[in-house]
Number of protein chains: 2
Amino acid sequence: MSGSRGRPSPEQPTIADVARHAGVAVSTVSYVLSGKRAISEVTRNRVLASIRLLGYHPHAGARALASRRANVIALVLPLRAGMQVPVVMQFAMAVVTTARRFDHDVLLVTSDEGPAGLRRVAATALVDGVLVMDVELDDARVPLLRELARPGVLIGLPADATGLTCVDLDFHRAGWACVAHLAGLGHRRVALLGAPAAVYDRGTGFAHRTRAGVVEAAAGHGVDAVTLPCEESAVAVRRTLTDLLERHPDVSGLIVQNEAAVDPVLATLPTLGRRVPRDVSVVAVCPDRFAEQAHPMLTAVPVPAEEIGTRAVSLLMGKLDGEAVPEVTLLPPRLTVRDSTAAPAATAKADR
Amino acid sequence: MSGSRGRPSPEQPTIADVARHAGVAVSTVSYVLSGKRAISEVTRNRVLASIRLLGYHPHAGARALASRRANVIALVLPLRAGMQVPVVMQFAMAVVTTARRFDHDVLLVTSDEGPAGLRRVAATALVDGVLVMDVELDDARVPLLRELARPGVLIGLPADATGLTCVDLDFHRAGWACVAHLAGLGHRRVALLGAPAAVYDRGTGFAHRTRAGVVEAAAGHGVDAVTLPCEESAVAVRRTLTDLLERHPDVSGLIVQNEAAVDPVLATLPTLGRRVPRDVSVVAVCPDRFAEQAHPMLTAVPVPAEEIGTRAVSLLMGKLDGEAVPEVTLLPPRLTVRDSTAAPAATAKADR
DNA sequence: ACCGTTCGTCGAAGCGCTTCGACACAGGCG
DNA sequence: CGCCTGTGTCGAAGCGCTTCGACGAACGGT
């Protein structure tokens, strides 16, 4: 009846329609929805019934205008070469899911729009806050983020984090933990197969921090460590690996921080006469999923993409609510021992 | 002067500030910005100067409220298991980039929110239109999309596309083209290594369409075709492949439609005593990037993720402007011959 | 010289919502 | 019994923008 006459197209009902239908003031409906003032049980129910009946949904733009809150956050994603695509996806997934739990939506901004994109979405009040991934040590967006009127959270750790909010895995300690594990097993010579060279070149924090952790831990444990970048294709992995083992045949522990390289590494090693873990131990820094479906299952320090994403959103929501939040949140690495590491063959029995 | 006294914090300037500063009416500023009415050169310049000087950015919410256009589109992404993650990323990338060219932003909605998410963003006028990926043959969102007040475009092809707008690669012809190529080379027995079983089970269009194309083409060319699903891990690939070649040792042509499986397949074949392309020819259905960095480089039907994304956005923009657009847009497959296919060994010389 | 156009600009009326102050009413207190 | 304090509700004033109708000025045709 309501749609058949007088209103040819069933326009979205407005809050005024709801108020009229429920016999209350517009403001009352608003307060029912926001809960910012006490409303009697009976009135609330009447209003809610009308809302349901009319299929009312508040207009996001109007709400944003009046409340100065868009309930949208921006997610700045690195959609470019050399990225660990599945990890990025996991982040995005966790971010969207968590944001929804806080009743927020997520606007996707690509980092190739650069700082301009950030400025735009912030200045137009399209979003209330900003989440930035793939932060470089000396990132152009960092100063911008500091001057922006809207709060932001970084996933990753720039060189100077003062005045910011950052979340990340503690890659430094992750690198350290890998070496410590291998050293504890008796390995004296290890190698880090890292991210693609481009990632180091543009100063991406996690790559550098892991490498530093590996190097320092090696020194601390009296272990020799070679570190080298590694491209993502199977061919490149094979080349890098062949090269490495030719130059350093006594490397018995391999740390792989490149999810795309994990499978090729495991496939290549046997063809070079190295069995895992008998001849070479492999420990990976990658999402648990990869470590578990590899063969053999990999000893690994998982990158907790989910948790980082969730934490980042929670921190951002905190800032939006005016809470004070820590500048740097580094999640402690947890090394999970699986089937790809063992004591080196030569020292296997001498060890204990 | 305007910001130093009376206004402690430098709030965003509004259109009224600009109008005042330029000595014109608010509406004039609006018309300068939208170009919907003629404005004299001199006035326009004065206004633009003020805008730049004050650093004015229109408030997205206010604009959306008044113009009934949010300039945002929703992208519904499948962030779930068994997805071809890199392809999805390529889509997302192309969508965001193209949307920006049309002066729109992209709201990220995960498909695990299901139809409810779609309904929410559409009903609240958060977005003007909707892009849905990973469409299943019998998708719950399809009827919703039809009844929604906002236009939508599907990436993929449901069983019934009437009243919708869909874009996709013509996977049916892609499958056909692969078989035709192999048959032309003289192969009499081919196999399709498809998507993971779960993808077929939930009725994902592209997987079924490719398979149908392969089967029909095989019949048409008098070729035997085996089709089987294939999981994504290297181990699973090896198992599937070993099995296949044991059961059908005379298979000399392999069609791989699973970007994650491409590398493992190439790595495994030699270990089973099959060299590529001498013993087995391989043709892939995957993004060109993968085909080119494989070793040997793969004869392939590329999935033009970029172009599909771009087309989808263009179509959506067309619908937003009230244009009539075609219901189904299927991009023709183009098979690129590279180094992974050749005439089968047995018939190599008899062929010509 | 007059009228009809076109051009450039203005004012005002919303768009749909939130929020502030006001107010009516009901109890509890002294 | 009057006063005060909560409760629950309402009305109205914006939030910053777009858009419609109006209007003065400049201009060409007759």
Side-chain angles (χ1 to χ4, degrees), chain A residues 7 9 11-48 50-51 54-72 103 122-128 149, chain B residues 7 9 11-48 50-51 54-72 103 122-128 149:
Chain A
R7 256 199 204 164
S9 65
E11 301 267 339
Q12 298 279 355
T14 73
I15 198 175
D17 295 324
V18 174
R20 204 170 310 125
H21 184 272
V24 299
V26 163
S27 49
T28 302
V29 177
S30 178
Y31 287 125
V32 165
L33 252 17
S34 71
K36 295 196 178 171
R37 282 202 184 172
I39 297 288
S40 70
E41 192 65 18
V42 46
T43 305
R44 179 203 324 293
N45 288 336
R46 196 144 35 89
V47 169
L48 289 177
S50 301
I51 287 177
L54 301 181
Y56 166 72
H57 290 268
H59 185 288
R63 197 206 274 277
L65 178 56
S67 69
R68 336 195 110 257
R69 283 291 229 110
N71 274 36
V72 176
D103 196 33
T124 58
L126 239 187
V127 304
D128 303 321
Chain B
R7 253 197 208 165
S9 66
E11 302 265 340
Q12 298 279 356
T14 73
I15 197 174
D17 296 323
V18 174
R20 205 171 309 126
H21 184 272
V24 299
V26 163
S27 47
T28 301
V29 176
S30 178
Y31 287 126
V32 165
L33 253 17
S34 70
K36 294 195 178 170
R37 282 204 185 173
I39 296 289
S40 70
E41 192 64 18
V42 46
T43 306
R44 180 205 319 296
N45 288 334
R46 196 142 37 89
V47 169
L48 289 177
S50 300
I51 287 177
L54 300 181
Y56 166 73
H57 290 268
H59 186 289
R63 196 205 272 277
L65 178 55
S67 69
R68 333 191 116 261
R69 281 294 228 106
N71 274 36
V72 176
D103 196 32
T124 58
L126 238 188
V127 304
D128 304 320

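Model, not experiment: these values are computed from the prediction. Side-chain atoms are counted along with the backbone in the values below, which use heavy atoms only and exclude waters and symmetry mates.
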Quiz item: Excluding sequence neighbours, so at least two apart, what forms side chain to side chain contact (heavy atoms under 4.5 Å, CB included) with A:Ala64?
Solution: A:Ala70
Quiz item: Can you name the residues that form a side-chain hydrogen bond (donor to acceptor under 3.5 Å, both in side chains) with B:His57, not counting sequence neighbours?
Solution: none
Quiz item: Quick one: side chain to side chain contact (heavy atoms under 4.5 Å, CB included) partners of B:Leu126, sequence neighbours excluded?
Solution: A:Ala60, A:Val72, A:Asp105, B:Leu107, B:Val121, B:Thr124
Exercise. Only counting residues at least two apart or in another chain, list the ones meeting side chain to side chain contact (heavy atoms under 4.5 Å, CB included) with A:Arg69.
Key: A:Ser67, A:Asn71, A:His104, A:Asp128, A:Leu320, A:Asp321
Quiz item: Can you find a pair of side-chain heavy atoms, one from A:Ile51 and one from A:Leu33, that are under 4.5 Å apart?
Solution: yes
Self-check item: Terminal helix-axis angle for the helix from C:dA1-D:dT30 to C:dG30-D:dC1, with five pairs defining each axis and rounding to 10 degrees
Solution: 40°
Practice problem: Name every residue in residues 39-47 of chain B that has at least one heavy atom under 4.0 Å from any atom of DNA chain C, in order of residue number, or write none if there are no such residues. | Solution: B:Ile39, B:Ser40, B:Thr43
Quiz prompt | With B:Ala25 via side chain to side chain contact (heavy atoms under 4.5 Å, CB included) - residues at least two apart | solution = B:Ser27, B:Thr28
Quiz item: In the 5'-to-3' direction, what one-character label does each nucleotide of nucleotides 13-22 of chain D receive under the scheme B = base within less than 4.0 Å of a protein heavy atom, S = sugar-phosphate only, - = no such atom?
Solution: -BBBBBBBBB
Quiz item: Minimum heavy-atom separation for B:Tyr56 to B:Thr14, with atom names?
Solution: CE1-C, 3.5 Å
Practice problem: Name all residues meeting the side-chain hydrogen bond (donor to acceptor under 3.5 Å, both in side chains) criterion together with A:Ser50; count only those two or more places apart in sequence or in a different chain, and write none if there are none. | Solution: A:His21
Self-check item: Donor-acceptor pair, side chain of A:Arg46 and main chain of A:Ala22, under 3.5 angstrom
Solution: yes
Self-check item: side-chain hydrogen bond (donor to acceptor under 3.5 Å, both in side chains) pairs, two or more places apart, involving residues 29-41 of chain B
Solution: B:Ser40-B:Thr43
